[in-house]
J.: 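Structure below; questions to follow.
Every value quoted in this text rests on a predicted model; they were computed, and no experiment measured them.
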Amino acid sequence: MAEWALEVNGISKSFFGVRALSEVSLCVSEGQTLGLIGENGAGKSTLMNILGGVIVQDEGAITLFGEKYHPACPADATRAGIAFIHQELNLFGNLSIADNLFIDGFPQIHKSPLIDKRSTHRQAEELLTSVDLHIPPKTPIERLAPGEKQLVEIAKAMRRKSRIIIFDEPTTSLTAAERRRLFAIIKRLQDQGQTIIYISHTLEDVLQVSDAIAVLRDGRLVSDGPCSDYSINRMISDMVGRKIEQMYPARSTNPETTSVLEVQGLSQPGIVRDISFKLQKKEVLGLFGLMGAGRSELVRIIFGLDPFRAGTIRIEETDIAKPSSALSIRHGLAFVTENRREEGLLMEASVSENLDLLTLRKFAKLGPVGLIDWIRTSKGAHQISKRLNIKSGPIRKHRAKNLSGGNQQKVVIGKWLLNEPAVLILDEPTRGIDVGAKYEIYRIINRLAEEGAGILYISSELEELMGMCDRILVMSNGRLKAEFHRGDYEQEAILQAAFSASGSSANSDNMN
């Protein structure tokens with residue numbers, strides 16, 4: 001048996017003269033779980049793409065189970081026993097679980113071109129049982145929850161007898177129960193001899209599942225060692241190159257008494273019921289609840305994306321009788337959705353084009369359908385890019401899809417800031433971005449509040465809301481259950497309210 005499952009020696013890679021990896025060397029033992037961490041842009045994805053045969057390194061060598069490894073394409077990585085469980089799962093939603101498991105090699109009847117459906121079904125059941133997923137193999141993928149889809153991906157890796165399984169941000173869309181099940185399966189895989197590389201920005205999870213940790217910063221390996229040598233503070237310090245003494249930056253202003261958003265008696269059957277609250281000028285108002293509580297559904301209704309049956313919405317001094325996204329935008333409402341890649345950005349467009357999306361009408365020379373004053377639009381895009389410290393190449397050429405997650409989120413926020421909103425709705429604004437980028441997003445939020453905007457802040461991370469918000473409203477089963485003020489936050493009490501499944505909603509008079 002080889003001493004190491006994977007050896008990476010002096011790997012370097014540059015793109016257009018920019019160094020993405022510089023002489024990275026690390027080793028992973030067979031049956032070990034390595035936690036690989038680093039800020040967005042640190043080089044994690046580049047290193048994994050080299051292992052996966054997507055790109056080829058400029059310098060250095062890789063050894064896999066004692067043999068030289070030179071993948072020229074992803075198929076080479078698959079044949080060598082490397083599997084990836086991506087954050088964005090590679091499954092065909094319209095096909096069944098069994099079809100997805102065997103998409104690259106169905107069992108055949110006596111080596112004929114005919115598919116052995118009985119064998120396919122039997123083997124699929126065995127694979128699903130091995131990952132504790134007790135669902136009929138004929139079930140279409142589109143009917144599965146995110147955690148169940150992820151288990152299908154793991155089952156696919158097991159069918160291929162993968163020896164190294166790389167998990168890339170695996171818990172982003174999972175519930176707490178799904179997360180616990182995933183960790184149990186990772187431990188089982190490890191006990192069976194599989195080698196795991198676990199990549200995540202959730203540092204608590206990395207500490208929980210890893211045997212060893214490696215930290216990348218600016219394309220270099222800055223530290224590695226057994227998990228026992230690391231704390232959260234050390235991980236953060238190694239990742240960002242400095243100590244972050246205060247995770248949540250302090251804000252210098254307090255909310256004013258003027259309301260910028262008022263919601264009264266908002267109801268939509270089966271979605272939300274009798275929702276009432278006010279958002280003040282210069283306030284950061286948190287919205288907390290468990291998955292399915294109705295938080296995202298509520299803000300989609302407020303923004304005008306989904307209908308409602310009863311209630312009123314007022315933006316500043318204007319009653320919005322029939323909300324629509326266009327009307328909300330005109331009245332100073334902004335909405336940063338939780339799915340930035342599909343709903344927040346044009347991934348193939350440039351950074352500048354994305355930033356300018358909402359304000360092109362303002363720069364028309366000859367009326368609303370006239371020519372665009374590109375000099376003025378370019379100036380605004382460059383100003384907001386500088387203000388938010390968006391790290392990219394020339395913004396008129398650099399595509400959004402090539403940005404790190406944190407910089408993509410800054411572009412989404414910058415697009416709305418150019419429209420000078422009075423109210424900014426943020427739905428999971430720091431999901432999937434590293435600790436350094438999170439801190440920058442927090443500073444942007446505080447600056448917007450100081451400048452007079454009202455912020456409605458949705459997050460599944462209770463600690464984040466407690467660190468950033470002036471008040472926190474708690475939702476459960478489509479209703480507001482409780483309200484908490486800064487200075488009186490008690491994590492246990494907030495969680496109890498979130499788990500509340502019955503009882504009357506919080507008094508709307510107290511939601512001010």
Side-chain angles (χ1 to χ4, degrees), residues 2 4-38 40-92 100-106 149-150 152-170 186 189 193-200 214 216 219-221 341 347 399 401-405:
W4 303 109
L6 174 69
E7 294 179 74
V8 174
N9 296 298
I11 292 292
S12 297
K13 181 66 181 178
S14 296
F15 297 99
F16 307 106
V18 178
R19 198 81 153 173
L21 289 174
S22 184
E23 299 180 357
V24 171
S25 297
L26 57 84
C27 298
V28 189
S29 298
E30 189 168 358
Q32 182 185 54
T33 296
L34 173 70
L36 183 63
I37 62 174
N40 290 113
K44 304 186 302 296
S45 295
T46 302
L47 181 58
M48 292 304 103
N49 282 335
I50 291 172
L51 291 178
V54 178
I55 58 177
V56 178
Q57 68 268 29
D58 299 330
E59 301 171 9
I62 303 172
T63 303
L64 202 63
F65 297 98
E67 298 182 1
K68 294 298 182 182
Y69 173 61
H70 305 283
C73 63
D76 288 347
T78 300
R79 283 190 289 268
I82 296 179
F84 286 80
I85 312 297
H86 292 284
Q87 177 181 347
E88 296 165 3
L89 302 175
N90 296 317
L91 297 172
F92 296 93
N100 274 274
L101 288 175
F102 292 94
I103 194 70
D104 58 350
F106 284 89
K149 293 178 183 177
Q150 193 171 69
V152 173
E153 284 277 26
I154 297 172
K156 188 194 299 185
M158 295 179 69
R159 180 190 73 79
R160 293 170 173 167
K161 298 185 176 5
S162 302
R163 296 185 291 175
I164 295 180
I165 303 178
I166 300 169
F167 289 85
D168 188 0
E169 293 291 350
I186 289 176
L189 291 171
Q194 269 101 342
T195 301
I196 309 295
I197 298 178
Y198 187 91
I199 304 170
S200 178
L216 291 176
R220 295 180 179 274
L221 183 73
R341 294 184 66 87
M347 300 304 294
R399 292 185 181 183
K401 70 177 184 180
N402 295 324
L403 294 174
S404 67

J.: Hey, are the side chains of L6 and L51 touching, using non-hydrogen atoms and a 4.5 Å cut-off?
T.: yes

J.: Is there a donor-acceptor contact under 3.5 Å from the side chain of T195 to the main chain of G31?
T.: yes

J.: Could you work out, with ring pair (Phe, Tyr, Trp, His ring centres under 6.0 Å) as the rule, every residue matching F84, not counting sequence neighbours?
T.: H86

J.: Please round to the nearest 0.5 Å and tell me the distance separating atom CD1 of I62 and atom CD of E7.
T.: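 Reported value, rounded in 0.5 Å steps: 11.0 Å.
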
J.: Are Q57 and L21 packed together at the side-chain level, in the sense that at least one heavy-atom pair is separated by less than 4.5 angstrom?
T.: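 They are not in contact (no side-chain heavy atoms under 4.5 Å apart), so the answer is no.
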
J.: I need the minimum non-hydrogen distance between I82 and S162, along with the two atoms involved.
T.: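 Shortest heavy-atom contact: C-OG, 4.5 Å.
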
J.: If I compare all heavy atoms of A214 with all of L26, which pair ends up nearest, and what's the gap?
T.: CB-CD2, 4.4 Å

J.: So which heavy atom on S25 is nearest to which on G10, and how close?
T.: OG-N, 2.7 Å

J.: Passes side-chain contact (heavy atoms from CB on, under 4.5 Å), T63 versus W4? Steps please.
T.: CA-CA 9 Å; T63 303; W4 303 109; over 6 Å; no

J.: Using 0.5 Å steps for rounding, measure from the CD atom of Q194 to the CD1 atom of I165.
T.: 5.0 Å

J.: Strictly distance-based, threshold 3.5 Å: is any side-chain N or O of R159 a donor or acceptor partner for the main-chain N or O of L101?
T.: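 Side chain of R159 to backbone of L101: a pair is present.
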
J.: Check for a donor-acceptor pair, side chain of Q150 on one end and backbone N or O of P170 on the other, with a separation under 3.5 Å.
T.: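 Side chain of Q150 to backbone of P170: a pair is present.
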
J.: Among all residues two or more places apart in sequence or in another chain, which pass the side chain to side chain donor-acceptor pair (under 3.5 Å) test with S22?
T.: R220

J.: Under the side-chain contact (heavy atoms from CB on, under 4.5 Å) rule, what do I164 and V28 come out as? Steps first, then yes or no, please.
T.: CA-CA 10 Å; I164 295 180; V28 189; over 6 Å; no

J.: Any non-hydrogen side-chain atom of V8 less than 4.5 Å from a side-chain atom of L221?
T.: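 No; the side chains remain at least 4.5 Å from each other.
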
J.: Between the side chain of D168 and the main-chain N/O of I199, is any donor-acceptor distance below 3.5 Å?
T.: no

J.: Side chains of R19 and S12: does their closest heavy-atom pair fall under 4.5 Å?
T.: yes

J.: Using the side-chain contact (heavy atoms from CB on, under 4.5 Å) criterion, which residues pair with V54? Sequence neighbours excluded.
T.: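 V54 satisfies side-chain contact (heavy atoms from CB on, under 4.5 Å) with N49, P74 once adjacent residues are dropped.
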
J.: Scan for salt bridge (Lys or Arg N to Asp or Glu O under 4.0 Å) pairs involving residues 46-62, sequence neighbours excluded, and state none if there are none.
T.: K13-D58

J.: To the nearest 0.5 Å, what is the distance between CD on Q32 and CD1 on I197?
T.: 9.5 Å

J.: Which one of I186, L36, L34 satisfies the side chain to side chain contact (heavy atoms under 4.5 Å, CB included) criterion with Y198?
T.: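 Among I186, L36, L34, the one that satisfies the side chain to side chain contact (heavy atoms under 4.5 Å, CB included) with Y198 is I186.
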
J.: Where is the tightest heavy-atom contact between A80 and R163, given as atom of each residue plus distance?
T.: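 Heavy atoms only, the tightest pair is O-NH2, 3.3 Å.
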
J.: Tell me the salt bridge (Lys or Arg N to Asp or Glu O under 4.0 Å) pairs involving residues 66-79, sequence neighbours left out?
T.: D76-R79

J.: Quick one: side chain to side chain donor-acceptor pair (under 3.5 Å) partners of T33, sequence neighbours excluded?
T.: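 With neighbours one apart ignored, the set is Q190.
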
